[in-house]
Each structure stands twice: as structure tokens, then as C-alpha cells.
Amino acid sequence: MTTLIAIIGLGVLCLILEIFDFRKAIIPITIIGLLAILGLTVSEFNSPATYYNNMITVSNFSVSFSSLFIVLTIFLVALSHNFYDNHQSKLSDYIAIKIFLLSGAVAMVSFGNLAMFFLGIEILSISLYILAASNRINVKSNEAGMKYFLMGSFASGIILFGICMIYGAMGSFDIIEISDMSQSAELPIWFPIGIVLVTIGMLFKIAAVPFHFWAPDVYEGSPTLTTALMSTLAKVVAIATLYKLLSSMHADINYSFQIVVVVVSIASMTVGNIMALRQVNVKRMLAFSGISHAGFMLMTLLSLSTSAGSLLYYTSAYALSGIAAFSVILYVCKNRENEDVVNFHGLGKTNPLLAAILTGSLLSMAGIPIFAGFFAKLVLFSQTIQAGYLVVVIFAVINSIISVGYYFKLILAMYTKEPNEVRSGKPFLIYAVAVVAILLNIIIGLFPSLVLDLLA
């Protein structure tokens with residue numbers, strides 16, 4: 001609870017700094033504040049607690065994922081330096097929205113009550129709607145914001161209707177009470193209907209098939225930094241929240257529900273990878289890649305009682321490689337009309353460091369050692385086989401091989417094509433974020449126990 005209050009306080013502080021014309025201090029103070037909040041959050045590890053009649057619960061699960069969210073937000077705030085120079089709004093507005101978005105993310109993995117769960121979703125979603133349409137003079141950004149708003153509103157409505165169904169069946173919003181009653185032999189029909197509706201809404205937030213159609217257009221039209229946020233932080237928050245929700249309600253006892261998860265997981269991996277092969281825009285390619293990774297993440301729902309550690313590990317590996325990749329995209333495509341592969345031609349010659357970082361992040365997403373993506377898939381596949389779903393692992397391996405095709409298309413463009421132009425300047429923060437993110441990815445790849453043991 002102290003973490004949540006501190007995050008909200010930091011967001012308010014960002015707005016106050018703008019009032020007193022401390023614009024240059026906003027990003028440094030925000031990063032220092034987030035580092036302090038990270039330390040505060042980590043200190044709550046192995047110290048379970050509940051607040052406000054179980055509205056907020058602190059557990060190793062919530063602490064671990066909240067820490068990951070804070071680290072990702074630090075990266076995203078650092079990348080905001082100079083990104084909004086050409087925008088007409090104030091920097092404090094964008095930074096404050098990101099901080100308030102983080103508060104919603106923390107609430108989503110710390111909820112002990114369905115009311116807090118929905119409140120966290122709405123804080124996160126509304127912030128994303130604003131950020132998607134934040135480039136007001138860009139038609140694509142306006143279109144992305146409107147598409148995301150309309151589709152996201154429907155998804156939120158479905159989630160809310162599902163929560164109403166669960167309340168009608170159980171007579172309570174409290175997760176502990178619902179969990180106890182869900183083990184009863186005779187459950188009202190409204191309870192499984194509510195679970196299905198909430199799951200459908202969360203699958204939209206994850207951009208899993210068949211609720212993925214919004215993702216490519218929204219990712220392409222949104223400002224690149226917002227796309228980075230959607231692809232990493234927002235996706236990780238949604239899958240972690242869905243995992244906590246279903247594990248709390250013992251949905252793993254329902255065989256029919258697991259079959260649905262199998263179908264959605266395989267469909268997401270397959271559709272995402274096949275569509276990514278055809279893309280020439282890097283942001284659209286990563287959008288379909290994210291749909292594919294959503295399918296991999298959904299595999300953790302097949303063994304809810306044992307896969308919390310593997311979910312944390314996979315999401316950490318995916319998010320860190322995503323941050324590193326988008327850092328390079330921000331540098332290469334700044335002030336350009338699009339983010340097509342042609343913009344990356346010859347990057348290996350003009351900027352070997354950033355080319356190497358982008359190569360490493362793509363190899364991690366593809367599941368190539370020594371990067372964390374390989375070990376994350378290895379752990380996930382092992383647990384899924386133990387749960388008795390060998391067919392899912394077979395499809396996952398095939399799709400991992402397919403993904404190499406479009407990742408290497410971008411890698412080959414960087415090293416085998418002649419550069420279109422040489423970019424001047426070496427922005428320190430972009431370099432710093434890219435290097436730190438890929439190094440963290442390699443470190444947890446070489447020492448997976450650093451993450452896996454947190455939720456063992």
C-alpha cells in the first residue's frame with residue numbers, strides 16, 4: 001500500500017514541478033523517486049499484508065511484478081527525454097500520466113477485491129488512450145487513440161459485466177471469499193459465465209487471438225514511445241493480472257477452460273508469427289510479434305499452481321528485450337515519416353553498438369541463447385510438458401522457428417544493406433537505456449535463478 005501511495009504522490013509532484021517551472025528537473029527527480037519507490041517495494045518482500053479490508057494485498061507475487069513494472073517505467077521515463085520536444089503539451093503531463101499508469105498497474109497485481117481490480121484496469125486503460133492519441137497533429141495518432149478507446153471501452157464493459165456476474169453468484173467482491181466459495185461442488189451458473197467474460201476482456205488487453213485486431217493499427221499509429229509502453233509494460237500487467245485472477249478463483253480445475261486456453265495460445269502464436277512475416281513496418285512487426293508472445297505467456301495458465309515464477313521470468317525477458325529494441329527504434333526513426341525496415345539499412349556500419357543491441361533483443365525474442373528469452377521458453381516448455389500439454393509445446397517450438405524469419409529480416413537489413421544516411425549525435429539516455437536493458441536481459445539469461453527463485 002505504501003508503494004501505491006508513493007507512486008501517486010510522485011505523479012502529483014511531477015505536475016507541481018511544472019507549475020514552478022522546474023521542467024528540466026522533472027525527469028531526474030522522477031527517476032530518483034522511482035528508484036526510491038523500487039527500494040521501498042523490494043523491502044516488502046516476504047512481508048505479506050492486507051490493507052483497507054483486503055482491498056489491497058501485499059504478497060511476493062505483487063511485490064515481484066510491481067518491482068518489474070517500476071523498472072520498466074524508469075526506462076520509459078528516461079526515454080521521454082527530448083521525445084516530446086515537438087509536442088504542444090507540457091512534459092509534466094506525459095510523465096505524470098506514465099506515473100499514474102504505473103499506479104494502476106500496481107493496483108492490478110495487488111488487488112484483493114474485484115472493485116480494486118477494475119479500478120486499476122481503468123486507470124491503466126485511460127492513461128493508454130490518452131498517450132496513444134497524444135500526438136495531436138498526427139492523423140495516425142488520432143486514429144490510433146480513437147480505435148483503442150472504442151475497442152478498449154467495449155473490453156472494459158465486458159470485464160465489468162463479468163464482475164457483476166461473479167458478484168451475483170457469490171455475493172461478494174472479496175477475492176478470498178470468492179476463492180473459498182469457488183471450491184464448492186454446486187456453483188451458480190453465473191460464476192463460470194462471469195469468469196469467461198472477465199477472461200475475454202483481459203485477452204483483449206493482452207492482444208491475444210481472436211481479440212488482437214486493434215493491436216497492429218494502434219501500435220503503428222501511436223507515438224513510438226507509447227508503442228513501447230503498450231508492447232512491454234501494458235502487456236505484462238495484463239497477463240500477470242489475468243494469472244492472479246484465475247489462480248485466485250481456481251479456474252485450473254475446469255478442463256474445458258484449459259482447452260480454450262490451449263486453442264487461444266496456439267492461435268495467438270501462429271497468427272502472430274505468420275502475419276509478422278509479411279510486415280515491412282517494424283512497429284507492426286513487433287505488434288504481431290507481441291501477439292505471438294501473448295500466446296507463449298498464456299501457456300502459464302495451464303499450470304496455475306506452479307508457473308508464477310516462469311511467468312515472471314518470461315515477462316521480464318520479453319519486456320527487457322522490448323525496451324532495448326524500442327530504444328534503438330526511437331533513435332533510428334526520430335523525425336521520419338514511418339518506421340519501415342528500410343530505415344535500418346546499414347545500421348551495423350553507421351552505429352555498431354545500437355545495431356548489436358537491437359540484434360541481441362531480437363535474438364532474445366526469438367529464443368536464442370545466451371539471452372533470457374531462450375531460457376524463459378525452456379522453463380515454460382518444461383512446465384507445460386509436465387502439465388500434460390505436449391501438443392502446445394510442439395506448436396510453440398514450430399512458431400519459435402518461424403519467428404526467426406522476420407527477426408532476421410531486420411538483422412540482415414542492418415548488416416548487409418548500404419546505409420541510407422548517417423545519423424549524427426549520440427543521445428546519452430537512449431544509449432544508456434538500451435545498454436542497461438540488454439545487459440539485464442543477458443544477466444537473467446545467464447543466472448535465471450535470480451528471477452525464478454523469487455516466486456518458487
Side-chain angles (χ1 to χ4, degrees), residues 61 65 109 114 117 155 158-159 162-163 165-166 169-170 175 178-212 235-236 238-273 291-315 318 376-400 455:
F61 182 91
F65 275 99
V109 293
L114 291 178
F117 160 70
I158 292 171
I159 292 173
I163 291 174
M165 289 287 188
I166 294 171
M170 300 302 193
I175 288 297
I178 294 173
S179 177
D180 292 338
M181 288 186 285
S182 67
Q183 300 180 61
S184 171
E186 296 181 2
L187 288 173
I189 187 63
W190 312 117
F191 179 72
I193 292 176
I195 292 291
V196 169
L197 290 175
V198 171
T199 303
I200 288 173
M202 292 307 297
L203 289 176
F204 170 89
K205 304 294 183 182
I206 301 167
V209 174
F211 311 103
H212 67 289
K235 188 178 291 289
V236 171
I239 187 64
T241 305
L242 179 59
Y243 181 94
K244 177 177 180 176
L245 188 69
L246 295 179
S247 60
S248 299
M249 297 184 179
H250 301 280
D252 56 335
I253 61 174
N254 191 322
Y255 179 75
S256 300
F257 182 82
Q258 290 193 347
I259 295 302
V260 172
V261 172
V262 168
V263 173
V264 173
S265 176
I266 292 175
S268 298
M269 287 185 284
T270 306
V271 172
N273 278 323
I291 293 169
S292 172
H293 282 284
F296 284 96
M297 296 176 195
L298 288 172
M299 292 168 63
T300 58
L301 303 182
L302 300 174
S303 51
L304 286 169
S305 59
T306 60
S307 57
S310 61
L311 177 62
L312 176 63
Y313 188 46
Y314 194 99
T315 51
Y318 168 74
K377 288 184 178 181
L378 182 63
V379 171
L380 189 59
F381 293 171
S382 299
Q383 287 191 342
T384 306
I385 291 173
Q386 291 176 4
Y389 293 92
L390 178 61
V391 64
V392 183
V393 175
I394 293 173
F395 274 96
V397 171
I398 293 172
N399 276 283
S400 294
L455 296 178

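Scored by the side chain to side chain contact (heavy atoms under 4.5 Å, CB included) test, L455 finds N60, F61, S64, F65, A308, L312 as partners (sequence neighbours excluded). Listed by chain and residue number, N273 satisfy the side chain to side chain donor-acceptor pair (under 3.5 Å) test with S292 (two or more places apart in sequence, or in another chain). In this structure L390 satisfies the side chain to side chain contact (heavy atoms under 4.5 Å, CB included) test together with I385, I394, sequence neighbours excluded. Checked against side chain to side chain donor-acceptor pair (under 3.5 Å), Y313 has no partners two or more places apart in sequence or in another chain. The side chain to side chain contact (heavy atoms under 4.5 Å, CB included) search around A238 returns M202, K205, I206, not counting sequence neighbours. For the side chain to side chain contact (heavy atoms under 4.5 Å, CB included) test, residues two or more places apart in sequence or in another chain that qualify with V264 are L203, A208, V260, S268, L298.
Inter-residue side-chain proximity for L304 and L301 is flagged as met; some heavy-atom pair is nearer than 4.5 Å. Two residues are said to be in side-chain contact when any heavy atoms from C-beta on lie closer than 4.5 Å; S310 and T300 meet this criterion. Between F395 and V392, every side-chain heavy-atom pair lies at or beyond the 4.5 Å cut-off. The shortest distance between side-chain heavy atoms of I163 and F117 falls below 4.5 Å.
The line from CD1 of I159 to CG of L114 is 11.0 Å long, rounded to the nearest 0.5 Å. L245 contributes atom CG, which lies 7.0 Å from atom OG1 of T199 (distance to the nearest 0.5 angstrom). In this structure, the separation between CG on L302 and CZ on F257 is 9.5 Å, given to the nearest 0.5 Å. Atoms CD1 and OH, on I239 and Y243 in that order, are 10.0 Å from each other to the nearest 0.5 Å. Rounded to the nearest 0.5 Å, atoms CE (M181) and CZ (F191) are 8.5 Å apart. The distance from the OG1 atom of T384 to the CE atom of M299 is 3.5 Å, given to the nearest 0.5 Å.
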Walk me through it: do I166 and W190 pass the test side chain to side chain contact (heavy atoms under 4.5 Å, CB included)?
CA-CA 6 Å; I166 294 171; W190 312 117; over 6 Å; no
Passes side chain to side chain contact (heavy atoms under 4.5 Å, CB included), N399 versus I266? Steps please. CA-CA 9 Å; N399 276 283; I266 292 175; 5.7 Å; no
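For the pair T315 (side chain) and L311 (backbone), a donor-acceptor distance under 3.5 Å is present. In this structure a side-chain-to-backbone donor-acceptor pair under 3.5 Å is missing from S179 to I175. No donor-acceptor pair closer than 3.5 Å links the side chain of T270 to the backbone N or O of A267.
The two residues K235 and A207 come nearest to each other via the heavy atoms NZ-CB, 3.9 Å. The heavy-atom pair separating K377 from S400 by the smallest distance is NZ-OG, 3.3 Å. When all heavy atoms of A387 and S303 are compared, the closest pair comes out as CB-CB, 4.1 Å.
Ring orientation note: the planes of Y314 and F296 are close to parallel, at an angle under 30° on the 30°/60° scale.
Side-chain atoms of Q383 and S307 include no donor-acceptor pair closer than 3.5 Å.
Applying the side-chain hydrogen bond (donor to acceptor under 3.5 Å, both in side chains) definition to pairs two or more places apart or across chains, those involving residues 385-395 are Q258-Y389.
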